[in-house]
Structure formats: C-alpha cells, structure tokens
Amino acid sequence: IPVTMFDRVPNVLVINSNKLPVKSVPELIDYLKKNPGKVAYGSSGVGTSQHLAAELFQQMTGTKITHVPYPGSARMVTDMIGGQVAMAFDNVPLLLPHVQAGKLTMLATATGKRAAFDDKVPAVAEFLPGFEAVAWHGFIVPAGTPNEIVQKLAKEVQACMKKPETIKKFSEAGAEAVATSPKEFADYIAAEMDKWKIVIEKANLNVK
C-alpha cells in the first residue's frame with residue numbers, strides 16, 4: 001500500500017567530452033544520428049530509471065545508442081570518466097561532484113523543467129517536449145495494513161518533509177523534497193507504470 005513519496009531525484013544527461021564532441025542536446029542528437037550504434041551509454045542496470053531514460057531518449061529522437069549495463073552506478077561512472085562509455089543518464093547527487101571537477105560534462109536534466117539545483121542547466125524537455133525521467137523514493141507498507149496506520153504514517157512523513165531544514169538538506173544533495181498523500185502516491189505509481197510499460201514494450205526489453 002503506498003503511503004507517501006518523499007523525494008524526487010533528477011536524472012541528468014552527462015557525457016565524456018573526450019569521447020563526444022558536442023556541447024548541447026541538439027548537437028548530441030545530430031551526432032548520434034550520424035553515428036548510429038557507435039556510441040555506448042552506461043546504466044546502473046537493465047530496467048532502472050537510468051536505462052529507461054536512455055531508451056525513451058532514443059525513441060523520441062530516432063537514434064540508436066549501445067547499452068552497457070553495470071551492476072551499479074559507481075562502476076559505470078568510473079568507466080565513463082575513463083572513456084569506456086561515452087554518456088549516461090543518472091542521478092544528479094552521484095554525478096554532480098564529477099561535473100564540478102571537470103571530469104564529466106552535464107548537458108541537461110531529465111526533469112520536465114529546469115531543476116532547482118541549477119537553473120542554468122537546460123532540461124531535455126526543452127528540446128524534446130514531454131521528456132521526463134526521474135528517480136523517486138517513497139514509503140509503502142504491506143497489504144492489509146489498517147488505513148488509520150497508513151494515514152498516520154503519511155501525516156508524520158509529510159510533516160517532516162515540509163520542514164525548511166529538510167527541504168534545504170535534500171536540495172543540497174540535488175533532490176527535491178516532496179510530501180504526497182497516499183492517493184497521490186498511488187496515482188503517480190500507476191501513471192509511471194503505464195508510461196514505462198510503453199517504452200519497455202517498444203524497446204522489446206526483458207526487465208523481469
């Protein structure tokens with residue numbers, strides 16, 4: 001039973017500039033179209049939000065990028081810095097330090113609009129209307145949990161997430177603090193499942 005979503009974590013599009021001679025999303029799309037299948041992107045595993053973000057990107061741009069799945073993001077980022085893969089969509093808290101250190105280049109966020117952590121970074125949606133692929137976290141409880149307990153848990157978490165100090169801490173980490181109701185969270189999960197089911201089926205992926 002969904003209780004509440006408590007944060008949304010932007011995925012961002014980053015590249016190794018030594019591997020990809022582009023400086024913007026339109027330039028990247030143009031390069032990928034001219035080099036179908038020749039560019040490799042990394043992800044933290046098949047079926048993750050990072051993997052599906054790249055699949056959605058390909059479907060909306062008509063490009064073909066080679067997927068290299070990893071058993072987690074840390075190894076993938078290390079390999080991207082080393083040039084084994086050229087690009088990725090991944091969570092901003094993990095990638096931001098490497099971008100700030102000049103090891104990777106951030107082209108855009110995968111949020112529906114520019115993210116709060118840096119409004120100078122464009123959103124992919126500015127070039128591909130409707131593009132959005134974010135990670136999120138929330139609380140769920142076992143089926144059969146009494147509604148009064150679900151509502152009490154939701155109320156307590158919502159109160160915590162609305163505190164200015166909580167919002168500040170999450171923002172500093174590149175995440176957005178949110179506080180949904182159980183129904184809002186359930187509706188969001190259902191919408192996400194419908195959205196990504198189409199992407200998965202179109203890409204003929206096995207994510208079981």
Side-chain angles (χ1 to χ4, degrees), residues 5-17 19-32 39-45 47-63 65 67-68 70 72-74 76-77 80-81 85-138 161 166-180 188-189 191-192 195-196 198-199:
M5 183 198 305
F6 63 82
D7 80 351
R8 285 164 53 91
V9 184
N11 282 323
V12 291
L13 171 58
V14 295
I15 64 169
N16 180 320
S17 294
K19 299 290 289 185
L20 285 173
V22 302
K23 296 182 179 180
S24 68
V25 172
E27 288 184 8
L28 174 63
I29 294 170
D30 183 63
Y31 185 87
L32 294 174
V39 174
Y41 76 91
S43 82
S44 59
T48 60
S49 67
Q50 297 91 333
H51 174 209
L52 296 182
E55 290 295 335
L56 179 61
F57 184 81
Q58 292 178 83
Q59 292 176 16
M60 293 183 70
T61 58
T63 56
I65 326 170
H67 182 210
V68 182
Y70 287 83
S73 291
M76 183 275 293
V77 172
M80 184 161 54
I81 293 172
V85 291
M87 60 178 284
F89 286 89
D90 212 319
N91 299 163
V92 65
L94 174 70
L95 295 172
L96 194 56
H98 303 294
V99 171
Q100 293 171 335
K103 297 177 181 179
L104 298 171
T105 300
M106 187 185 302
L107 293 186
T109 69
T111 45
K113 58 183 180 179
R114 297 194 179 197
F117 73 87
D118 189 346
D119 62 8
K120 295 186 296 295
V121 179
V124 175
E126 293 175 32
F127 313 102
L128 300 173
F131 184 93
E132 184 174 22
V134 299
W136 49 267
H137 302 93
M161 299 312 297
T166 304
I167 294 171
K168 182 174 182 291
K169 284 290 186 181
F170 274 70
S171 179
E172 289 172 349
E176 175 192 2
V178 296
T180 69
Y188 184 84
I189 291 172
E192 283 284 276
K195 171 183 175 178
W196 295 113
I198 294 171
V199 175

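Computed over heavy atoms, backbone and side chain alike; hydrogens, waters and symmetry mates excluded. The residues of the chain are indexed from 1 along the displayed sequence.
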Check your understanding: Under the side chain to side chain contact (heavy atoms under 4.5 Å, CB included) test, which residues partner Ala86, sequence neighbours left out?
Key -> Lys19, Leu20, Val39
Practice item. Not counting sequence neighbours, which residues clear side chain to side chain donor-acceptor pair (under 3.5 Å) with Gln59? List them please. Key: none
Practice item. Please list, chain by chain and in numerical order, all residues satisfying side chain to side chain contact (heavy atoms under 4.5 Å, CB included) with Ile189, sequence neighbours excluded. Key: Pro2, Trp136, Phe185, Met193
Review point. When Met87 is tested against each of Leu28, Val22, Val14 for side chain to side chain contact (heavy atoms under 4.5 Å, CB included), which residue passes?
Key: Leu28
Practice item. For Phe127, check ring pair (Phe, Tyr, Trp, His ring centres under 6.0 Å) against everything at least two apart and list the hits. Key: none
Review point. Among pairs that include at least one residue of residues 106-129, which meet side-chain hydrogen bond (donor to acceptor under 3.5 Å, both in side chains), considering only residues two or more places apart or in two chains?
Key: Thr109-Thr111, Arg114-Glu126, Asp118-Lys120
Review point. Ser17: what forms a side chain to side chain donor-acceptor pair (under 3.5 Å) with it, not counting sequence neighbours?
Key: Thr105
Review point. For Glu55, which residues count as a side chain to side chain donor-acceptor pair (under 3.5 Å) partner, sequence neighbours excluded?
Key: Tyr41, His51
Review point. Which pair of non-hydrogen atoms, one from Val68 and one from Ala40, has the smallest distance, and what is that distance?
Key: CG2-CB, 4.0 Å
Practice item. Please name all residues satisfying side chain to side chain contact (heavy atoms under 4.5 Å, CB included) with Ser73, sequence neighbours left out, ordered by chain then number. Key: Ser44, Gln50, Asp90, Leu94
Enumerate donor-acceptor pairs with a distance under 3.5 Å from any side-chain N or O in residues 168-179 to protein atoms, sequence neighbours excluded.
unit_1, atom_1, unit_2, atom_2, d
Lys168, NZ, Glu172, OE2, 2.5

Point to revise | With sequence neighbours excluded, residues passing ring pair (Phe, Tyr, Trp, His ring centres under 6.0 Å) with Tyr31 | key: none
**Study point:** From Gln58 atom CD to Leu32 atom CG, the distance as rounded to the nearest 0.5 Å
**Key:** 8.5 Å
Check your understanding: With sequence neighbours excluded, what pairs up with Asn91 under the side chain to side chain donor-acceptor pair (under 3.5 Å) test?
Key -> Asn11
